[in-house]
Engineer: 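My structure is below; once you've seen it, I'll send some questions.
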Number of protein chains: 2
Amino acid sequence: MTRVLVVDDEPQIVRALVINLKARKYEVDAAHDGATALQLAAARHPDVVVLDLGLPDMDGVEVIKGLRGWTRVPILVLSARHSSDEKVEALDAGADDYVTKPFGMDELLARLRAAVRRAEPVGGDEADVIVETDDFTVDLAAKKVNRGGKDVRLTPTEWHLLEVLVRNTGRLVGQKQLLQEVWGPSYGTETNYLRVYMAQLRRKLEGDPSRPRHFITEAGMGYRFEK
Amino acid sequence: MTRVLVVDDEPQIVRALVINLKARKYEVDAAHDGATALQLAAARHPDVVVLDLGLPDMDGVEVIKGLRGWTRVPILVLSARHSSDEKVEALDAGADDYVTKPFGMDELLARLRAAVRRAEPVGGDEADVIVETDDFTVDLAAKKVNRGGKDVRLTPTEWHLLEVLVRNTGRLVGQKQLLQEVWGPSYGTETNYLRVYMAQLRRKLEGDPSRPRHFITEAGMGYRFEK
DNA sequence: CACGGGCATCAGGGTTCCGTCAAGGACGGC
DNA sequence: GCCGTCCTTGACGGAACCCTGATGCCCGTG
C-alpha cells in the first residue's frame, strides 16, 4: 500500500485530502506544521509527500531541504502563491511538482500517481526482491522473512534495519548511515540502538546467534549483511 | 551535457525554447510532429522530453504511450488545454509533469531541472570501484578486501590507510599526508604509526610480507601502492 | 670498520567498542 | 483501565583495537 504524508495547516484541506486518499486505498499520515512533518517523514518513510508551503512554524522550502538531506521521496508542493519565483525556488530546492490552490482533486491525484509511479524501482524484476541465505529468506516486496518454512515475526524497527542491510548486501554500512536511515536524520551516535537491534535480528535469524554468519560486525565501522 | 527533445508544432514556441535551453548549455533537438518526435527520441536518447499535446499528425497522448513503451525518460507535457480531464489523461498515460500555456519560461525551466534531477541515478556512490592485484582485490564501495577467495578483516585504521594508498595507486604518498588523512590534521611526525600499520597491511595482504610487492617503502619520503 | 638514521617487527597495556541482559516508559488494543 | 508489544536506556564483562616502547636489521656515511 502506498503511504502518503499530507502537510498542511488548513484543517479543511487536510480533511479533504485524507478522505479522498483513503477512499483510494492510500495509507495517510497528516501533519499541520513543518517540525511534525519532518518527524513523521523520518518515522514513517512515506512513498510521497504532499506539502503546503505556508506553514505556521517554518518556511516550506526549509521543509523540502530538510527532507532532501536524507531522502529522495517525491515531494508534491501545494501553494496559494502563483508567483513564478516561488515555484522556481521550491522546485530547485528539491520539490518534484508544484500545484497552485485552488486545485482540482482529480488533477492532484493524477500528479500524485505520476510522482509515485516514476519513483518505483526500474525493472519489473520480481526476482531481485527476494534474498535467500542458508538459514532464511527475505522478501523485500512482501516485507516477509521466512525461516525453516515458518514466517518470522519482526517488529517495525527490526524489519527496517534488516531492509537497509539487505539492500546493501555485501557492502559495509556505516553505523551513522544505519542510524539515520532507520531512526531518522537527527540520529548518528546512538550506537547502543544498533547493538540491541542487531542482537534481536541475530537471535531471530542466525543459525547460531553467538557466531553470526550473516550479520557481521566490523568493529568501529558498521555492519555488513552477507548471504 | 543534458539532451532535451522539444516537440511542438508552433515555430515561435520551439524557437523560444531552443534559444533559452541552448543558452543554459542544454543540447537540444526539435520535432514538429509526433512521428518525428518518436523517431528522434529513439535515435538520440534525450534525457528529457518537452511535449506539446496539440500535434498535427497524432494525439499527444499517443506519443506519450509510444515513448513509455520502451523508455522511462521524463516527459514534460505542454498544453493549451486547461481541462482537468486532459491533464489526468496525459499524466496517467505516463507524463511526468503538465504545464499549461501560456507558461513562464522560468517556471518551465525549473520544472525541467526537477524532472532531470530526479531521473539521475540513485546515489553517486554506486560506482563499484574495484582494484585488483595478483594477490588480492579491494572493493572501495563495499569496504571489502578479498584474498584467495576469502574476505580479509581490516581494522578501521588499517582500512583507512589502505584506502588512501589505493586512491593514489602508483603515486607516492608522503608520510605527512598519510598521517594527516588517516589520523587527522594535527598529526604529521608520528611516523612510527605508519610503520606499525603498514606492517599489518603487509602481513594481511602481501604474498610475502617481508618482500612487499604492493606496499612499497620510499625511505625518508613515504609509501606507494602498486597493483 | 664503527656509527647513526630510518625502517620492520613484536608484544604489552590502556582504551574504546561490542554483545548481552534487564528494567522502565510509551503506545495501542481489548 | 489493564495488558502486551515495542522502543529506549543504562550497566557490565569481554573482545577488539590503538598506541607505545624495545629490539634488531639494512644501508649510507665518516
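The sequence lines fix the lettering, A, B, ..., with proteins before strands; numbering per chain opens at 1. None of the values given here were measured: they were computed from a predicted structure.
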Engineer: When you get a sec, tell me which of dC18(C), dC19(D), dC7(D) is the closest nucleotide to the side chain of Q175(A)?
Structural biologist: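 Selected nucleotide: dC18(C).
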Engineer: When you get a sec, tell me which of dC18(D), dG19(C), dT9(D) is the closest nucleotide to the side chain of T155(B)?
Structural biologist: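 Between dC18(D), dG19(C), dT9(D), the one nearest the side chain of T155(B) would be dC18(D).
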Engineer: Can you find a side chain N or O atom of W183(A) that sits less than 4.0 Å from OP1 or OP2 on dT8(D)?
Structural biologist: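 Indeed, a polar side-chain atom of W183(A) lies that close.
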Engineer: What I want to check is whether the side chains of S210(A) and D208(A) have a donor and an acceptor closer together than 3.5 Å.
Structural biologist: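 On atom types as modelled, these side chains qualify, holding a pair under 3.5 Å.
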Engineer: Let me spell it out: for each of G220(A) and R153(A), pick the nucleotide of DNA chain D with the closest heavy atom. Which residue's pick is nearer the 5' end?
Structural biologist: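 Looking at the nearest nucleotide for each, R153(A) comes out on the 5' side.
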Engineer: Nearest whole angstrom, please: distance from the C1' of dC18(D) to the NE2 of H160(B).
Structural biologist: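 H160(B) atom NE2 is separated from dC18(D) atom C1' by 15 Å.
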Engineer: Side chain of V196(B), heavy atoms from C-beta onward: which of dA8(C), dG21(D), dC7(D) has the nearest atom to it?
Structural biologist: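 The answer is dG21(D), which lies nearest to the side chain.
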Engineer: Distance check: side-chain N/O of Y223(B) vs OP1/OP2 of dA8(C), anything under 4.0 Å?
Structural biologist: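 So the side chain of Y223(B) is within the cut-off, an N or O lying under 4.0 Å from OP1 or OP2 of dA8(C).
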Engineer: At less than 4.0 Å, is any side-chain N or O atom of T217(B) found next to OP1 or OP2 of dA8(C)? Yes or no.
Structural biologist: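 T217(B) to dA8(C) OP1/OP2: side-chain N or O found under 4.0 Å.
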Engineer: Once the angle between the rings of W70(B) and H45(B) is folded into 0 to 90°, is it parallel (under 30°), tilted (30 to 60°) or perpendicular (over 60°)?
Structural biologist: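 Perpendicular, since the angle between the ring planes exceeds 60°.
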Engineer: What nucleotide among dG19(C), dC19(D), dT8(D) has an atom nearest to a side-chain atom of Y193(B)?
Structural biologist: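 Given the options dG19(C), dC19(D), dT8(D), the side chain of Y193(B) is closest to dC19(D).
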Engineer: Minimum heavy-atom separation for R147(B) and F136(B), please, with both atom names.
Structural biologist: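 Answer, listing the atom of R147(B) first, then F136(B): CB-CB, 4.1 Å.
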Engineer: Rounded to whole angstrom units, what separation is found between the CE atom of M221(A) and the P atom of dA15(D)?
Structural biologist: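 After rounding, the reported distance stands at 20 Å.
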Engineer: What are the two closest heavy atoms between Q200(A) and E158(A), and how far apart are they?
Structural biologist: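 Closest approach of Q200(A) to E158(A), heavy atoms only: CB-OE2, 3.6 Å.
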Engineer: For the side chain of S210(B), starting at C-beta, report the closest nucleotide among dC10(C), dT9(C), dA11(D).
Structural biologist: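 Comparing dC10(C), dT9(C), dA11(D) against the side chain of S210(B), the answer is dT9(C).
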Engineer: So which nucleotide from dT20(D), dT9(C), dT20(C) ends up closest to the side chain of R195(A)?
Structural biologist: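 In terms of side-chain proximity for R195(A), the closest of dT20(D), dT9(C), dT20(C) is dT20(C).
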Engineer: Measure from the side-chain heavy atoms of A219(B) and tell me the nearest of dC7(C), dC7(D), dC18(C).
Structural biologist: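 Nearest to the side-chain atoms of A219(B), counting from C-beta on, is dC7(C).
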